[in-house]
Structures are given as structure tokens and as C-alpha cells.
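Computation of the quantities below employed the complete heavy-atom set of this structure, encompassing side-chain atoms and omitting hydrogens, waters and symmetry-equivalent molecules.
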Amino acid sequence: MRKIEFFDTTLRDGEQSAGINLNTKEKLEIARQLEKYGVSIIEAGFPASSPGDFEAVKLIADTVKNSVVTGLARSIKSDIETSWEALKGGVQPHLHTFIATSPIHMQYKLNKTPEQVIEIAVESVKLAKKYFPLVQWSAEDATRSDKDFLVRIMNEVIKAGATTINIPDTVGYASPIEYGALFKYLSENVTGIEKVKLSAHCHDDLGMAVANTLAAIENGATQVEGTINGIGERAGNAALEEVAVALHIRNDYYQADSGIILKETKRTSQLVSQLTGVVIQPNKAVVGKNAFAHESGIHQDGMLKNPETYEIITPDLIGDVATELVLGKHSGRHAFFTRAAEMGFQLSDEKLNAAFVAFKKLADRKKEIAEEDLFVLLTDQQVKSGEVELYELEELVVHYENNVPTSTITVKVPSGEQVVETCAGSGAVEAIFNTLEKIVNGEVRILDYRVSSVSKGRDALGEAVINLTFNGKTSTGRNASQDVLKASARAYINAINRQLVNVHKRTSRSRSVNRCL
């Protein structure tokens, strides 16, 4: 049976999704979970793009031991050398470098001739091989490239030392038949292709990323690339959890093994959704909340007689097993700590104690504590950086006069003093945001805001996620509380605090350098 290696780019291509802004601690937490999930390679970021990305990639490379950690580099000497400094502490240092190969990209983006592109590609791979034992080379926009040109350039980069050849469908243009045929053609015509891994990287612009990825496997791909929950640039990438489950369920057809620990699927999906703030659509394959729901009478009748009539994937397969009341207000510290460990959390004693205090406070107010509630509490502690909160909410009061809401908010500001402001709005949330905008020292523009229920019931936690710009830079904040107005205020402040911390770690270089593959 063939082994298909999974290359996860949630932390690089996935983070390029509009509105996603992960800090170093959050990236490390996702990387640790990807390691548990069994992915072969974790693309931790683009080290040369910013000091923050460099720091995150280095930390992940130095920490993760059971997955190969890689970083992206353009075909530029400084990118490759910077990537080496970030990745050299990894178990198997790996570099992912690329250059565009389609006529439209070579002419309008690179302003290079095909011969110049081949020369640049070869020189970059040769340089990378001086540092890295593993070098992946990618032909950006491969599916809109001339096939014979792809053969020429791949012949040369393999001779230069590339160990993996990646064939990206950068703009989601290909159909499954076309993409599979391209892999077959290259497998039959590129010299030395049998000595390297052949990788598929698909985008979902036409909704065919997973289908294209599976077509590539049918036609010789030994590595597939994608993200958790299919997040990524524009319409996203191939959802790796869907590919993994497809290979498992249709093992009779694909005759391939991924090595993915399928029982970690739900937790991996849940963690990425929680930390990125990207909600999983209810009817999403494999991990959507309706993926195992059967409402039709005919379906329900069949399920009662034999679950296999309508259920080809079981919740147990992906670790989505319903848990009854997990803990309550009378539960002790030992029971809480044990449950945290069973859920896969590895927290310091200090953070466990802080999570337990938050749990007891919630248990005093909430009739039933669901596993979703515990996941939010424990995840919040797991990713806390320990940095001092620059702005801190002290008090929030909202009152209505003549049906017009007004909020009065007390905030401790960076100088340490308390500031009190009052402002009205057309709704309670707008009043809160208007008031906070008067308190923080900068220009704020709200890009996106939502509140969703974490678990069921009228006393459920509400999680607020806000995406905003603060002094022209994008930041995302979140908070969970039974009081959704307080959650909204704290999410706003969280976004501001994150931006103020990040501003010291970033250069003025635009994130647009990340926009590739």
C-alpha cells in the first residue's frame, strides 16, 4: 500500500485568509496539534516576511520533533539564508522554495523570460542545498503553465538537488481529469522524477480542491498539501481532513495510507477554528456540526434499522464522540485536571489552576458544563502569552434612555490609570465600540464582528470574535462569556492589545510578500 505524506500549510497559506491573525503562541499550539494529528510536514510560515514569522517558525522548528518543519522562501538569496537561521534547529531542516512558471506570471509578475526563470530556479535550489538536506521546489501556477516548459525546468531543478517537486493549482483553475493528467504526463516525461516526491497543492476557487488532490494521488502524487478546515487565500485550500477520511473510507479504491491519526480530526479542526476565529460551516464534510445529523424521516428510519444505510463515516472515527455532563460545580481539582489531560491539553500547574478558577466561576452560574465550554476555557489558558494586558476592562454598564442605548466603560490604560468614557449608539454593541474607540489611543475600523454560542442552552457561553484595523493594521480579538456584551467589549480590547504587542515584532514589510502558491 502506498504511503501518502501530508504537508500541512495551515500556518502559512491558511493564515493568509482574510481576517486571520495568529500570534506565536497560537501558532505553536496549532503546530503541536498537527504533530499529534500525524502530518508529515508542517509549513510553519514564511521566515523572511517579518520578525514575527521568523520567531514563530524558529520556535516551532525547535519544538516539534515528530513532524518535519518547513518554511517558505522566494528564489532570493536572503530569503533562503534567513530561512536557514529559523529552521536549522529542526529534526530534519526542510525548505520550500518556489518561482512562477506560467506565461502570464513570467511576463507580467516576474518580467522574466523562460530561460531566466529556469536559471533563477536552479540557482536557488543549489543555494538551498548548501544548507538544507530537504528542498521542495514549487512551480507556482503550474496548471496554467506550458507542460513542456514544466518538464524542462523540473529536469533542471532535480539535477540541482530538489528532493520534492510540487505542482500547485495556484488559482484553482484545473479540473480533476486535467490535474490528474498533468501528474501522469510529468511522471512519464521528467527525468529523475522517480527519485523525488511528487506533491499536489490545490486551491478551491472552483470548489474542486479535494477532488483535484485525490486525482493527483490516483496519478502518482506521493505528497498532498492543504489546510485544516480548508482555510486559505481566497476560497481556501484543499481540506486535509477531508482527504484523509476519503483515503480511509475508500481505501479499497485509492489503496493508499496517510498515517493521519483520524481520532484527532475533530480536536484539530476545533482548535484551528477557535484560534483563527473562522467558523466551520454546519454542512461541511467530515467536521461540520450537521455532518452526522439525519432529519429526513426516511433517513432516520434507515439509521434505526442499520446505521450503515446512510452513515459512511462514524463520529467515533474522527473523535467526535458525544460526552454527557463532563463536570459540574461540585467537581474537584483532581477531576478537572484529569479531564483536561483526557482532552489532550498539556498545561503548566499555574495555567491549570487559572483554568480551574475560571471553570468554578462558570459552574456557579451555568447549570451544565459541556465539553465545548471546557475546550474554550482550556484553550484560552493554553495560548495565553503571559504578556501584560495594555488595556484592561474594569467595568461595563449599558443603559437605555428613550430606547437609545448608552454605555459607560471603565478601562485601565497602559499608563496604569483608570479612564471612564460614555457614548451612545444605535445598538448596545455599537455604543460599546464607540465608547472604547474614545478610550484607545488610535484609529479603529471594524471589519467583521460576530457572536456565536459555544454550547447549547439559554445559559451557554457566547463567543465574540472581532476583526478590526488599529492605526491601519489588522488584528483579531476574541472572548467568551455568558454576557455577550462583555465578551464583545473584551474581544475588542483583546484585538487592540494584540496589535500593540505585534507592532514591536513587525517590520514595515507588507504581508503581500506572503501571497504566493
Side-chain angles (χ1 to χ4, degrees), residues 22-26 28-30 32-33 266-267 270-277 323-396 409-412 432 450-466 476-498 501:
L22 297 168
N23 62 29
T24 298
K25 192 78 173 176
E26 291 163 340
L28 178 61
E29 189 59 29
I30 290 174
R32 282 174 168 156
Q33 182 57 34
K266 185 67 176 181
R267 189 180 192 279
Q270 200 174 6
L271 181 69
V272 170
S273 176
Q274 168 89 11
L275 296 184
T276 60
T323 305
E324 296 302 318
L325 181 63
V326 187
L327 295 169
K329 70 182 206 176
H330 299 298
S331 299
R333 192 177 299 268
H334 178 73
F336 179 81
F337 289 4
T338 300
R339 188 65 194 131
E342 289 172 353
M343 292 174 67
F345 288 92
Q346 297 175 336
L347 295 167
S348 65
D349 290 343
E350 182 184 356
K351 289 191 172 186
L352 270 174
N353 287 328
F356 181 69
V357 170
F359 157 72
K360 293 299 271 187
K361 287 180 180 178
L362 180 62
D364 283 338
R365 302 190 305 269
K366 197 172 187 294
K367 189 174 180 181
E368 294 183 349
I369 305 294
E371 184 146 341
E372 293 90 344
D373 300 318
L374 292 179
F375 187 86
V376 169
L377 294 179
L378 291 164
T379 301
D380 282 347
Q381 286 299 323
Q382 188 99 315
V383 299
K384 272 194 174 176
S385 63
E387 292 163 333
V388 177
E389 293 288 302
L390 299 171
Y391 289 95
E392 190 173 345
L393 181 69
E394 301 262 318
E395 187 178 30
L396 167 65
I409 301 178
T410 305
V411 172
K412 185 166 78 173
I432 290 169
R450 65 178 179 275
V451 175
S452 56
S453 174
V454 170
S455 55
K456 298 176 181 178
R458 68 173 66 191
D459 58 354
L461 281 175
E463 183 174 48
V465 178
I466 186 168
T476 302
R478 61 179 181 274
N479 186 263
S481 172
Q482 286 177 294
D483 184 335
V484 296
L485 295 182
K486 281 187 178 177
S488 300
R490 287 175 179 149
Y492 184 109
I493 290 173
N494 177 241
I496 300 299
N497 285 334
R498 285 165 65 102
V501 169

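Among all heavy-atom pairs drawn from L378 and A355, the shortest one is CD2-CB, 3.9 Å. Between T276 and V272, the shortest heavy-atom distance links the atoms OG1-O, 2.6 Å. Here the shortest heavy-atom pairing between A460 and S453 reads CB-OG, 3.5 Å. Closest approach of S455 to A370, counting heavy atoms only: CB-CB, 3.9 Å. Contact detail for A491 and I466: the closest heavy-atom pair is O-CG2, 3.4 Å. Scanning both residues, A489 and L393, for their nearest heavy atoms gives CB-CD2, 4.2 Å.
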Using the side chain to side chain contact (heavy atoms under 4.5 Å, CB included) rule, take I369 and F336 through it: C-alpha gap first, then chi angles, then the decisive distance, then the call. CA-CA 12 Å; I369 305 294; F336 179 81; over 6 Å; no

One pair to check against side chain to side chain contact (heavy atoms under 4.5 Å, CB included): Y492 and N497. What are the steps and the verdict? CA-CA 9 Å; Y492 184 109; N497 285 334; over 6 Å; no

Take V376 and E372, measure what side chain to side chain contact (heavy atoms under 4.5 Å, CB included) needs, and give me the verdict at the end. CA-CA 6 Å; V376 169; E372 293 90 344; 5.9 Å; no

Donor-acceptor pairs under 3.5 Å, side chain of residues 358-365 to any protein atom, not counting sequence neighbours: which ones?
from	atom 1	to	atom 2	distance (Å)
K360	NZ	K329	O	2.6
K360	NZ	S331	O	3.1
R365	NE	Q482	OE1	2.9
R365	NH1	K361	O	3.2

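Remark: the backbone N or O of R490 is not paired with any side-chain donor or acceptor of N494 at under 3.5 angstrom. The main-chain N or O of L377 is never found under 3.5 Å from a side-chain atom of D380 such that the two would form a donor-acceptor pair. Side chain of S348 to backbone of K351: a donor-acceptor contact under 3.5 angstrom is found. Of the possible donor and acceptor atoms, none in the side chain of K25 sits under 3.5 Å from a partner among the backbone N and O of V383.
Side-chain contact between L352 and R333 is absent, with no heavy atoms from C-beta onward closer than 4.5 Å. Side-chain contact between E392 and I493 is absent, with no heavy atoms from C-beta onward closer than 4.5 Å. L374 places a side-chain heavy atom less than 4.5 Å from the side chain of R339. In this structure, the side chains of S488 and V451 come closer than 4.5 Å at one or more pairs of heavy atoms.
Atom CD of residue Q382 and atom CG of residue L28 lie 9.0 Å apart, to the nearest 0.5 angstrom. Once rounded to the nearest 0.5 Å, the distance linking CG of L271 with CD1 of I30 reads 5.5 Å. The structure places CD of E394 at 6.0 Å from NZ of K412, a figure rounded to the nearest 0.5 Å. Interatomic distance, N479 CG to L461 CG, rounded to the nearest 0.5 Å: 9.5 Å. Taking CG of L275 as the start and OG1 of T379 as the end, the distance is 6.5 Å to the nearest 0.5 Å. Distance check: F345 CZ to Q33 CD gives 8.5 Å after rounding to the nearest 0.5 Å.
Cation-pi contact between R267 and F375: absent, since separation from the ring centre below 6.0 Å together with deviation from the ring axis within 45° is not met.
E395 has no carboxylate O lying under 4.0 Å from a charged side-chain N of K486, or vice versa, which leaves the two without a salt bridge. A salt bridge links R478 with E26; the closest basic N to acidic carboxylate O contact falls under 4.0 Å.
Residues that satisfy the ring pair (Phe, Tyr, Trp, His ring centres under 6.0 Å) test with Y391, not counting sequence neighbours, are absent from this structure.
E463 and Q274 are linked by a side-chain donor-acceptor pair at a separation below 3.5 angstrom, with hydrogens and angles left out of the test.
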